[in-house]
Amino acid sequence: MVRPELVCPAGTPAALRAAVDAGADAVYCGFQNATNARNFAGLNFTLREMQEGVTYAHERGARVLLAVNTFPPAGQTPAWKQAIEDGVRLGVDAIIVADIGVARHVACAYPQQRLHLSVQAGASSPEAIRYYCREFGVKRVVLPRILTVPEIKAIHDEIPCEIEAFIFGNIGMMAEGRCSLTNYATGVSTNMDGVCSPAHAVRYEEDTRRNLTARLGVFTIDRFSCGEQAGYPTICKGRYCAAGRKSPYYAFEEPVSLNLSSLLPDLMRAGVSALKIEGRQRSRAYVHAVVSAYRKAVDDCLAGRPPLLPDLLALTEGHRETRGAFGGRRWR
Amino acid sequence: MMNSAENNFPARLQYLPLSLLAPLPLFTLQPLLQRVITHLSRRRPELFARFGAHTRKTFLIDPLNLPFVFLLRLDPRRPQLLARRREHPMAHDARIAGTFLTFLDMVDGRLDGDALFFNRDLVIEGDTEAVVCLRNAIDDMEGSVADDVADFFGLPGRAALFVLRRIKRNSGELR
């Protein structure tokens, strides 16, 4: 069994250090602008912070993967080119891209730079992945969270690059890189502005009985009764009234987090080279807890022991976990 | 495991400060609070870097088990931390409510804000983006802000923080 790389999120320098100290093999992060898909308020890295982060990680044997994984709108490619130039200059170990124009720019301008294909590219077939490998020299593909383990194994056998698969964190049912629900509700694009449910458009109201209403733009997307677990304010995980329904229901997906600890050995046997933890928007406490837990679980697998993971339920959305499509579940 | 430490802490004990501290005249607290926030802003200038356009925003920090609330304004030129009685209406851009120990754990970097929100241990109202900025700014500060504040008060401050953390740990053990 090949030792997989544990790829961990960092939304801030403190989270980067927490991830590296907890045993991350690689950390992924982005700059403070729309060039990455976690362009949230107060999050991400300045140039100086990125430089310090790269140094910190490299001194401890960890790699830094720079996410430049959004789609530049027409006429705005300079910001994406600048992010790539900065990343190359600062010595990041790989650049994660989604847009074919951005991929081509990296391949042409920096042919020695290692290139990863973001989950945002939505490449889920051997044909699509081989295209990216052939045209842009992509070395690793981050697979969308819509595949079963046998399907991942089948893809692995047909492509010339490494596979990175999500193992923990927030999970949506939308085809990644294609979802326009936030754009519809707020005018801000997840795929081009890099932010799903921008905080400026989110409002929470709790009444005197502790019932919580969550709004995105002008839309009420959920109402949680007192004591009921809440979720992220994303449209895809909201509850809605509809004709023929007696009560509000989850029209798309329920608030739930991915946790594939039980599938780690299967994923590793399927040829997955890198195991990815979601959560650049989360705190350093989350990063430390999840990375530590998965570091031990992966090491257990490699030693032939069953992976024993501490309870991470307290960190999950809605206090619920799923194996999603990886465990054979079909989306609605 | 990170979880709200006082989840199962006996409710009567958790809310004891609400009545114990009720007679405390706030004018005695005010000079201390202003010195604390001035000290913190000098010691942790990086706190302001993640605020962007939100440096003029006013946060109502509402520790539900204390008889007063705090008004926080993180303007780098003139940071403010004021104590006010909860029943007095106060203009603010965003309100963050939770128990005092929850806030302590958050500034210590021991609890995840999203998890607290999912668990309904944290209430957020008003300008969500400003709150997210505040959360990210505090979370990016290395070490413990609580330690900084305790150090500011010297031995009594460190002793008080030790006792609070002890209470927090014991409350976790009660689960």
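The sequence lines fix the lettering, A, B, ..., with proteins before strands; numbering per chain opens at 1.
Using a 4.5 Å cut-off between heavy atoms, A/Q32 touches chain B through its side chain atoms alone. In this structure, no portion of B/F51 lies under 4.5 Å from any heavy atom of chain A. Looking at B/R95, there are no atoms closer than 4.5 Å to chain A (heavy atoms on both sides), in backbone or side chain. Looking at A/T316, the atoms closer than 4.5 Å to chain B (heavy atoms on both sides) all sit in the backbone: N, CA, C or O. Neither the backbone nor the side chain of B/M106 has a heavy atom closer than 4.5 Å to any heavy atom of chain A. Contacts between B/L134 and chain A at a heavy-atom distance below 4.5 Å are absent for every atom of the residue. Neither the backbone nor the side chain of A/L16 has a heavy atom closer than 4.5 Å to any heavy atom of chain B. Both the backbone and the side chain of A/Y232 come within contact range of chain B, judged by heavy atoms closer than 4.5 Å.
Here the closest heavy-atom approach between residue B/R120 and residue A/A230 is recorded as CD-CB, 4.0 Å. Nearest heavy atoms, A/E49 versus B/D140: OE2-OD2, 4.4 Å. Between A/A41 and B/C133, the shortest heavy-atom contact is CB-SG, 3.6 Å. Nearest heavy atoms, A/R210 versus B/V123: NH2-CG2, 3.5 Å. Closest non-hydrogen pair, B/E125 versus A/E206, comes out as OE2-N, 3.2 Å. The two residues A/S283 and B/D112 come nearest to each other via the heavy atoms OG-OD1, 2.6 Å.
Here CG of B/D114 is found 10.0 Å from OG of A/S257. Values are rounded to the nearest 0.5 Å. Between the CD atom of B/E129 and the CZ atom of A/R203 there is a distance of 9.5 Å, given to the nearest 0.5 Å. Here OG1 of A/T12 is found 11.5 Å from CD of B/E46. Values are rounded to the nearest 0.5 Å.
Side-chain N or O atoms of A/E317 include none that pairs as donor or acceptor with a backbone N or O of B/F118 at under 3.5 Å. Of the possible donor and acceptor atoms, none in the side chain of B/T128 sits under 3.5 Å from a partner among the backbone N and O of A/H200. Side-chain atoms of A/R284 come within 3.5 Å of backbone atoms of B/M141 as a donor-acceptor pair (strictly under, hydrogens ignored).
Residue-environment remark: CZ (B/R85) exceeds the threshold of 12 foreign heavy atoms within 6.0 Å. Surrounding CZ of B/R78 are at most 12 heavy atoms belonging to other residues, nucleotides or ligands under 6.0 Å away.
When B/G126, B/G113, B/A97 are compared by the number of non-hydrogen pairs under 4.5 Å with chain A, B/G126 comes out ahead.
For A/Q229 and B/N119, the side-chain atoms include at least one donor-acceptor pair closer than 3.5 Å.
For the pair B/D139 and A/Y286, the minimum side-chain heavy-atom distance is 4.5 Å or more.
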